[in-house]
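The structure displayed is predicted, hence computed values, not measured ones.
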Amino acid sequence: MKFFPISSKKAIFFTIFLYCMIITPLKGAKTSVSSSSSSSDQQPELITYFKSTTLLKKPTIIDLQNQSRTSKITLFTSSDCSIWTKECSNEILKIAQKTEHVKWIKSVRRKIHEHPELAFQEFETSKLVRQELEKMEISYRFPLATTGIRAIIGSGQPPFVALRADMDALPIQEAVEWEHKSKIAGKMHACGHDAHVAMLIGAARILKAREKNLKGTVILIFQPAEEAGNGAKRMIKDGALENVEAIFAAHVSHQHPTGVIGSRTGPLLAGCGFFKAVISGKTGQASNPHHSIDPVLAASAAVISLQSIVSRESNPLDSQVVSVTSFNAGDNLDVIPETVTLSGTFRAFSTTNFYQLLKRIREVFTEQASVFRCSATVDFFEDKDTIYPPTVNDNTMYEHVKKVASDLVGTTNFKVVPPMMGAEDFSFYSEVIPAAFFYIGIRNETLGSIHTGHSPHFMIDEDVLPIGAATHAAIAERYLYEYGS
């Protein structure tokens, strides 16, 4: 083997040349990977989630917008809906119906269903909601009204539109035998509030994925104590409606096939109140009634007179109800009692008529008692927040729901429903700002989803969950599009 003489300068130059040839391609490859990763992180269609961290005890505001991201899951793509078309609605529905989204939203509903909690006791339900919000990097305020949550998605700028879900269960023993039956004896989500929460969390996930499209701010209200607890009233007092200019809410309904949406303009649900009257007289032997003052006779006359309020004082075309549901005069067969206690309920579709009924019920008891030389007191439980005003849909907000629902589920699957004598504390929101309340069907005879709310046999067709999530999301996003700047 021969060797060629090489000068020291040439040797140095040759060494540098080899070093550059080897190192430069590696640098280029590294730069390319980094650039690709950066580009991926900046893609607007990606939404990232991070593992839940330990929540501070009773924080006022949890701001998760700038949290570090420790795990990434690509779920949805999002097109530009700067001009709203039916395709925007279709895209929202497609997102909601993705297999992974449907599986997740059902799992959320089932967890809540297994652990029902009564009014103002929704601690675990609230914790679950907050954990899901954290995973989606959605900021929120907590607590409001003991267990309530006010979450925020969007720009943080006007307009502000709210979506509400109620979280509480009922003191009912579940009679439905299935894998996810209530694990708490004597408590059950018999009115579908577990589905309401799941649908709103599902809407949150969709809205977060499409956050760049939001021309304003969406407020998510997770409310405790709808069932005779007036949680809405407490939520408003604690600031749930701050800056909000319109609000929407849904309730599952066994009266409509799964996915059918129904509502109406004006009064949808009645105002509801309860009363207890105590009529006092003078006790005595029934064999000598002239030595007593008979409260039973006075109470009986009052019951008859109460019926004339609706039949003779109200417009026959304006539905109202006054019902006495309890009459207690004791059980002594030979003695005229000293007191009689009566209780019942009253309902009306206008605020004016509702409070007129309250006034007349009080007058009938006190005046009829005096006719029979008795006295009467009437309690309407105002201090216990059991008075619900009527739920009245704003015409513009109703039309918005109708338009959104018709796009999502088709015009034939939107129904104008009759008013109902049931009551809802969503009415407190509708008294403050323009609002719309709507039903979403869960009826499925094959599954046995046919029973009324508050029945121990109540169950839902879970296929409603993605439809409800999409409806909420489309209502909010389209509202901001049409009423935003």
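No donor-acceptor pair closer than 3.5 Å links the side chain of Thr452 to the backbone N or O of Ser455. At distances below 3.5 Å, not a single donor-acceptor pair connects side-chain atoms of Arg347 with backbone N or O atoms of Val321. Glu211 places a side-chain N or O within donor-acceptor distance of the main-chain N or O of Gly154, the cut-off being under 3.5 Å. Using modelled atom types, one side-chain atom of Ser126 and one backbone atom of Thr147 make a donor-acceptor pair closer than 3.5 Å. Panel note: side chain Ser253, backbone Gly441; no donor-acceptor pair is recorded below 3.5 Å. A donor-acceptor distance shorter than 3.5 angstrom exists from the side chain of His400 to the backbone of Ile475, with no hydrogens or angles considered. Within the 3.5 Å criterion, the main-chain N or O of Gly216 finds a donor-acceptor partner in the side chain of Ser155. With Ser449 contributing its side chain and Met459 its backbone, the two residues share a donor-acceptor pair below 3.5 Å. In terms of modelled atom types and a separation under 3.5 Å, the side chain of Ser308 and the main chain of Ser305 share a donor-acceptor contact. Between the side chain of Thr265 and the backbone N or O of Tyr398 there is no donor-acceptor pair closer than 3.5 Å.
Looking only at side-chain heavy atoms (C-beta outward), Ser430 and Asp394 stay at 4.5 Å or farther from each other. Looking at Leu214 and Ile153, their side chains come closer than 4.5 Å, going by heavy atoms from C-beta outward. Counting heavy atoms from C-beta on, the side chains of Glu245 and Val161 never come closer than 4.5 Å. Side-chain contact between His454 and Glu227: present, with at least one pair of heavy atoms (C-beta onward) separated by less than 4.5 Å. For the pair Met167/His196, no side-chain contact is recorded, criterion being any heavy-atom separation below 4.5 Å from C-beta on. Side-chain contact check for Met188 versus Gln173: every heavy-atom pair is 4.5 Å or farther apart. Counting heavy atoms from C-beta outward, Ser263 and Phe437 have side chains that stay 4.5 Å or more apart. No side-chain heavy atom of Ile387 sits under 4.5 Å from any side-chain heavy atom of Cys272.
Relative orientation of the Phe248 and Tyr479 rings is perpendicular, given thresholds of 30° and 60° on the angle between their planes. Relative ring orientation between His101 and Trp104 is described as tilted, the plane-to-plane angle lying within the 30° to 60° band.
For Phe438 and His251, the distance between ring centers is not under 6.0 angstrom. Centroid-to-centroid, the aromatic rings of His254 and His451 stay 6.0 Å apart or farther.
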Query - CA sep, side-chain torsions, deciding dist, call: Phe346, Phe354, ring-ring contact (aromatic ring centres under 6.0 Å, His included) - result: CA-CA 8 Å; Phe346 60 103; Phe354 179 78; 5.0 Å; yes
Query raised in the report: Given Ile221 and Ile149, is the side chain to side chain contact (heavy atoms under 4.5 Å, CB included) satisfied, shown in steps?
Result: CA-CA 6 Å; Ile221 296 175; Ile149 302 163; over 6 Å; no
Report task. Before giving the answer on side chain to side chain contact (heavy atoms under 4.5 Å, CB included), spell out for Ile247 and Leu163 the whole-Å C-alpha distance, their side-chain angles and the decisive distance to 0.1 Å. Result -> CA-CA 6 Å; Ile247 186 169; Leu163 304 171; over 6 Å; no
Query - From CA spacing to verdict: salt bridge (charged side-chain N to carboxylate O under 4.0 Å, His left out), Glu91, Arg210 - result: CA-CA 10 Å; Glu91 183 178 292; Arg210 297 173 58 83; 2.2 Å; yes
Query raised in the report: Can Asp379 and Arg362 be said to form a salt bridge (charged side-chain N to carboxylate O under 4.0 Å, His left out), step by step?
Result: CA-CA 9 Å; Asp379 185 4; Arg362 189 190 302 277; over 6 Å; no
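A salt bridge does not link Glu122 with Lys127: every distance from a Lys NZ or Arg NE/NH1/NH2 to an Asp or Glu carboxylate oxygen is 4.0 Å or more. With respect to Lys403 and Glu399, no salt bridge is recorded, no charged nitrogen being found less than 4.0 Å from a carboxylate O. With respect to Lys103 and Glu100, no salt bridge is recorded, no charged nitrogen being found less than 4.0 Å from a carboxylate O. Taking a cutoff of 4.0 Å between a charged side-chain nitrogen and a carboxylate oxygen, Glu462 and Arg110 qualify as a salt bridge. Salt-bridge check for Glu482 with Arg478: passed, with a basic side-chain N closer than 4.0 Å to an acidic carboxylate O. Under 4.0 Å is where a charged nitrogen must lie from a carboxylate oxygen, and between Asp238 and Lys233 no such pair does. Checked for salt-bridge contact, Lys181 and Glu114 miss the test: no charged N lies under 4.0 Å from a carboxylate O. Looking at Glu363 and Lys359, a side-chain N of the basic residue comes within less than 4.0 Å of a carboxylate O on the acidic one, giving a salt bridge. The pair Lys208-Glu137 does not count as a salt bridge, with every side-chain nitrogen at least 4.0 angstrom from each carboxylate oxygen. Salt bridge present: Arg109 and Asp194 bring a charged side-chain N and a carboxylate O closer than 4.0 Å. The pair Glu174-Lys187 fails the salt-bridge criterion, with no side-chain N (NZ, NE, NH1 or NH2) lying under 4.0 Å from an Asp/Glu carboxylate O.
Ile206 contributes atom CD1, which lies 11.0 Å from atom NZ of Lys98 (distance to the nearest 0.5 angstrom). One finds the NE2 atom of His113 at 11.5 Å from the CD1 atom of Ile184 (value rounded to the nearest 0.5 Å). For the atom pair CD1 (Ile152) and CD1 (Ile219), the distance works out to 4.5 Å, reported to the nearest 0.5 Å. We find the CD-CG distance between Glu226 and Leu170 to be 9.0 Å, quoted to the nearest 0.5 Å. Leu93 contributes atom CG, which lies 13.0 Å from atom SG of Cys88 (distance to the nearest 0.5 angstrom). The distance from the OH atom of Tyr429 to the CG atom of Leu241 is 6.5 Å, given to the nearest 0.5 Å.
Legend: ring pair (Phe, Tyr, Trp, His ring centres under 6.0 Å) pairs involving residues 256-276, not counting sequence neighbours, sorted by first then second residue: Phe275-Phe365. For residues 421-447, the set of pairs meeting the salt bridge (Lys or Arg N to Asp or Glu O under 4.0 Å) definition, not counting sequence neighbours, comprises Arg164-Glu424, Arg164-Asp425, Arg443-Glu445.
Pro390 and Ser427 get closest at one heavy-atom pair: O-CB, 3.3 Å. For Ala423 against Ala270, the heavy-atom pair with the smallest separation is CB-O, 3.5 Å. Considering every non-hydrogen atom in both Ala469 and Ile105, the closest pair reads CB-CD1, 3.9 Å. Of all heavy-atom pairs spanning Pro224 and Asp168, the tightest one is C-OD1, 4.4 Å. For the pair Thr471 and Leu408, the tightest heavy-atom approach, listed with the atom from each and the gap, is CA-CD1, 3.5 Å. Nearest heavy atoms, Ala195 versus Val252: CB-CG1, 4.2 Å.
Taking the centre and axis of the six-membered ring of Phe120, the NZ or CZ atom of Arg234 falls inside the cone set by 45° and 6.0 Å.
Side-chain contact of Ser139 with Asp63: a donor-acceptor pair under 3.5 Å is present, judged by distance alone. Tyr140 and Glu134 are linked by a side-chain donor-acceptor pair at a separation below 3.5 angstrom, with hydrogens and angles left out of the test.
With a 6.0 Å radius and a threshold of 12 heavy atoms from other residues, nucleotides or ligands, Asp331 has its CG atom at or below the threshold.
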